[in-house]
Student: 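Here it is, the structure, as structure tokens.
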Protein chains: 2
Amino acid sequence: MTTSQDNLSSTFSALADPTRRAILTRLASGEASVSELAKPMKMTMPAVTKHLKVLQRAGLIRQERKAQFRPCYLVAQPLKEASDWVEKYRRFWEQSLDRLDLYLRELQATENFQKAPKKPTEVKVKKGRKKK
Amino acid sequence: MTTSQDNLSSTFSALADPTRRAILTRLASGEASVSELAKPMKMTMPAVTKHLKVLQRAGLIRQERKAQFRPCYLVAQPLKEASDWVEKYRRFWEQSLDRLDLYLRELQATENFQKAPKKPTEVKVKKGRKKK
DNA sequence: CTGTTATTTTACCTTATAGTTAATTAACTA
DNA sequence: TAGTTAATTAACTATAAGGTAAAATAACAG
């Protein structure tokens with residue numbers, strides 16, 4: 001596995017670091033130089049440069065040159081793709097359809113049961129039959 | 001940096017792998033055992049088990065026990081948080097506000113310019129003043 | 001009890017990540 | 001030209017990730 005990652009993977013991977021998310025958040029309010037981005041961080045400049053490289057490779061930022069500064073700016077396009085992927089699961093978190101309901105539906109379909117739980121939100125239900 | 005990651009980080013990190021995204025996609029259509037999940041993958045069972053552990057740690061799946069099977073099911077809650085984070089940038093990709101526009105606004109505010117680009121979508125504009 | 005199927009654990013390898021310090025490059029300033 | 005500021009590159013370290021093969025567990029089926 002060299003350095004070839006699909007877009008989604010490198011986008012999510014870039015977003016998986018708090019420092020990088022902070023950088024994007026900062027850039028949402030306008031471009032910033034590397035040192036401006038580094039200032040609030042508790043790490044050295046080279047570390048920040050590396051994070052910027054990750055963001056660049058993911059296509060989430062670009063850098064231009066202005067005198068001795070390399071201002072970075074946000075490119076949100078990859079975020080749209082990430083968003084599109086995640087949105088496919090919206091119904092699951094919205095309808096609390098998270099497997100519990102699936103389980104209950106299944107149960108309802110295959111067995112006859114009486115007490116329906118009042119608020120079936122993310123509670124783990126153990127299939128009664130533990131040991132024989 | 002031990003093994004303590006904030007939720008968002010571990011969620012994005014879990015989503016950063018195509019195999020794991022495929023697993024979630026598969027689980028969106030109902031629970032599946034580990035071997036069912038492993039079948040279409042070109043890797044060994046232990047590798048799949050590891051991916052499942054990553055997904056579990058991120059809270060994206062849970063596993064129950066049914067005889068000798070460990071069916072996995074989706075828990076979409078963390079995806080909502082990921083979605084919420086990404087959505088904050090929606091205006092950037094929707095309005096194509098991606099720094100180019102910011103730059104143009106800024107330019108418009110500080111200088112007087114004449115030719116407005118027709119479709120200012122993600123084109124790199126070089127600040128004219130290269131050398132003095 | 002023995003075997004079989006499903007899954008995990010262990011031990012190991014390779015490559016990627018995240019960070020450091022020190023040196024280097026780039027462009028302005030005096 | 002020399003000095004300063006901004007940022008990157010190089011070299012190095014430590015740890016995490018993703019994978020494998022082989023051994024260990026778990027639970028069912030005879």
Side-chain angles (χ1 to χ4, degrees), chain A residues 1-6 9-23 27 31-58 61-73 126-132, chain B residues 1-6 9-23 27 31-58 60-73 126-127 129-132:
Chain A
M1 230 158 258
T2 338
T3 322
S4 61
Q5 292 239 68
D6 59 291
S9 294
S10 52
T11 301
F12 282 130
S13 188
L15 297 181
D17 186 283
T19 298
R20 289 192 291 261
R21 289 198 303 278
I23 289 173
L27 293 180
E31 74 174 35
S33 70
V34 179
S35 16
E36 283 171 335
L37 291 172
K39 207 169 304 166
M41 313 284 183
K42 45 172 189 248
M43 69 183 72
T44 59
M45 286 275 289
V48 173
T49 295
K50 281 193 182 181
H51 281 300
L52 294 178
K53 283 215 174 306
V54 173
L55 290 167
Q56 270 185 91
R57 271 183 263 125
I61 68 166
R62 292 197 195 152
Q63 267 178 293
E64 57 181 351
R65 303 188 83 116
K66 233 179 207 170
Q68 68 269 66
F69 301 89
R70 269 76 146 189
C72 303
Y73 59 95
K126 220 106 185 186
K127 203 99 170 192
R129 185 179 48 84
K130 187 92 200 198
K131 278 208 152 177
K132 198 203 12 219
Chain B
M1 231 156 260
T2 338
T3 321
S4 61
Q5 293 238 69
D6 58 292
S9 294
S10 51
T11 301
F12 281 130
S13 188
L15 297 181
D17 185 284
T19 299
R20 290 192 291 263
R21 289 197 304 277
I23 289 173
L27 293 180
E31 74 173 36
S33 70
V34 179
S35 15
E36 283 172 335
L37 291 172
K39 208 168 303 166
M41 313 285 183
K42 45 172 190 251
M43 66 183 72
T44 59
M45 286 275 291
V48 173
T49 295
K50 280 194 183 181
H51 283 300
L52 293 178
K53 284 215 175 306
V54 173
L55 290 167
Q56 271 185 90
R57 270 183 263 123
L60 286 162
I61 67 166
R62 292 198 195 152
Q63 268 177 294
E64 58 179 351
R65 303 187 84 116
K66 236 181 206 168
Q68 67 269 67
F69 302 89
R70 268 75 147 191
C72 303
Y73 58 95
K126 219 105 185 183
K127 202 101 170 193
R129 182 182 49 83
K130 188 89 203 201
K131 278 209 148 171
K132 191 180 47 204

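Just so we're on the same page: letters track the sequence lines, and every chain starts at 1.
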Student: Ignoring the backbone of A67(B), work out which of dG18(D), dA6(D), dC28(D) is nearest its side chain.
Tutor: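 The answer is dC28(D), which lies nearest to the side chain.
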
Student: Among dG18(D), dG19(C), dT20(C), find the nucleotide with the atom closest to the side chain of R20(B).
Tutor: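 The nucleotide sitting nearest to the side chain is dG18(D).
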
Student: Please check: side-chain N/O of R70(B) versus main-chain N/O of R65(B), any donor-acceptor pairing under 3.5 Å?
Tutor: no

Student: Which nucleotide in the list dT9(C), dA21(D), dT21(C) gets nearest to the side chain of T44(A)?
Tutor: dT21(C)

Student: Let me know the distance between CZ of R57(B) and P of dT8(C), rounded to the nearest Å.
Tutor: 13 Å

Student: How would you label the contact of A47(B) with the nucleic acid (heavy atoms, under 4.0 Å): base, sugar-phosphate, or nothing?
Tutor: base

Student: Using atom CG of L55(A) as one end and atom P of dT17(C) as the other, report the distance to the nearest whole Å.
Tutor: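 Value for this atom pair: 13 Å.
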
Student: Grab the CG-P distance between L15(A) and dA18(C) for me, whole Å please.
Tutor: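 One finds 12 Å between P of dA18(C) and CG of L15(A), rounded.
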
Student: Identify which nucleotide among dT20(D), dG19(C), dT8(C) has an atom closest to any side-chain atom of M43(B), counting heavy atoms from C-beta outward.
Tutor: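 Among dT20(D), dG19(C), dT8(C), the one nearest the side chain of M43(B) is dT20(D).
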
Student: With DNA chain C as reference, determine whether V54(A) or Q56(B) sits nearer its 5' end, using the nearest nucleotide of each.
Tutor: Q56(B)

Student: Closest to the Q63(B) side chain: dT9(D), dT8(C), dA27(D)?
Tutor: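 For the Q63(B) side chain, the nearest candidate turns out to be dT8(C).
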
Student: Could you pull out the closest heavy-atom pair between E36(B) and A32(B), with the gap in Å?
Tutor: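 Minimum heavy-atom contact is OE1-CA, 3.2 Å.
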
Student: Rounded to whole angstroms, how far apart are CZ on F69(B) and P on dC28(D)?
Tutor: 10 Å

Student: Between dA16(D) atom C1' and H51(B) atom NE2, what is the distance in whole Å?
Tutor: 14 Å

Student: Any donor-acceptor pair under 3.5 Å linking the side chain of R62(B) with the backbone of Y73(B)?
Tutor: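 Checked: no pair found.
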
Student: Output the single nucleotide from dG19(C), dA6(D), dT9(C) whose closest atom is nearest the side chain of T19(A).
Tutor: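 Closest nucleotide to the T19(A) side chain: dG19(C).
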
Student: Report yes if at least one side-chain N or O of T49(A) is closer than 4.0 Å to OP1 or OP2 of dT8(D); otherwise report no.
Tutor: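 Answer yes for this pair, as a side-chain N or O of T49(A) is under 4.0 Å from OP1 or OP2.
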
Student: Whole-Å distance between dA6(C) P and R70(B) CZ?
Tutor: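 Atom-to-atom, R70(B) to dA6(C), this comes out as 11 Å.
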
Student: Within less than 4.0 Å of OP1 or OP2 of dG19(D), is there a side-chain N or O belonging to K42(B)?
Tutor: no

Student: Within this structure, what is the NZ-to-P distance between K66(A) and dA27(C), rounded to whole angstrom?
Tutor: 16 Å

Student: So which atom in S10(B) and which in A58(B) form the shortest heavy-atom distance, rounded to 0.1 Å?
Tutor: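 For S10(B) and A58(B), the tightest heavy-atom pair comes out as O-CB, 3.6 Å.
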
Student: Check whether any side-chain N or O of K50(B) sits under 4.0 Å from OP1 or OP2 of dT8(C), and answer yes or no.
Tutor: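 K50(B) to dT8(C) OP1/OP2: no side-chain N or O under 4.0 Å.
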
Student: As a test of reading the structure: which of dT9(C), dT5(D), dT20(C) is closest to the side chain of P46(A), going by heavy atoms?
Tutor: dT20(C)

Student: Is there a side-chain contact between D6(A) and P18(B) (heavy atoms, below 4.5 Å)?
Tutor: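 When only atoms from C-beta onward are counted, P18(B) and D6(A) do touch, with a gap below 4.5 Å.
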
Student: Counting only Watson-Crick or G-U wobble pairs whose two distances fall under 3.5 Å, which nucleotide matches dA30(C)?
Tutor: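 Partner of dA30(C): dT1(D).
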
Student: Between the side chain of R57(B) and the main-chain N/O of L52(B), is any donor-acceptor distance below 3.5 Å?
Tutor: no

Student: From the set dT9(D), dT5(C), dA27(C), return the single nucleotide nearest to any side-chain atom of Q68(B).
Tutor: dT5(C)

Student: Expressed as a whole number of angstroms, how long is the span from D17(A):CG to dA16(C):C1'?
Tutor: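 Computing the D17(A):CG to dA16(C):C1' distance gives 14 Å.
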
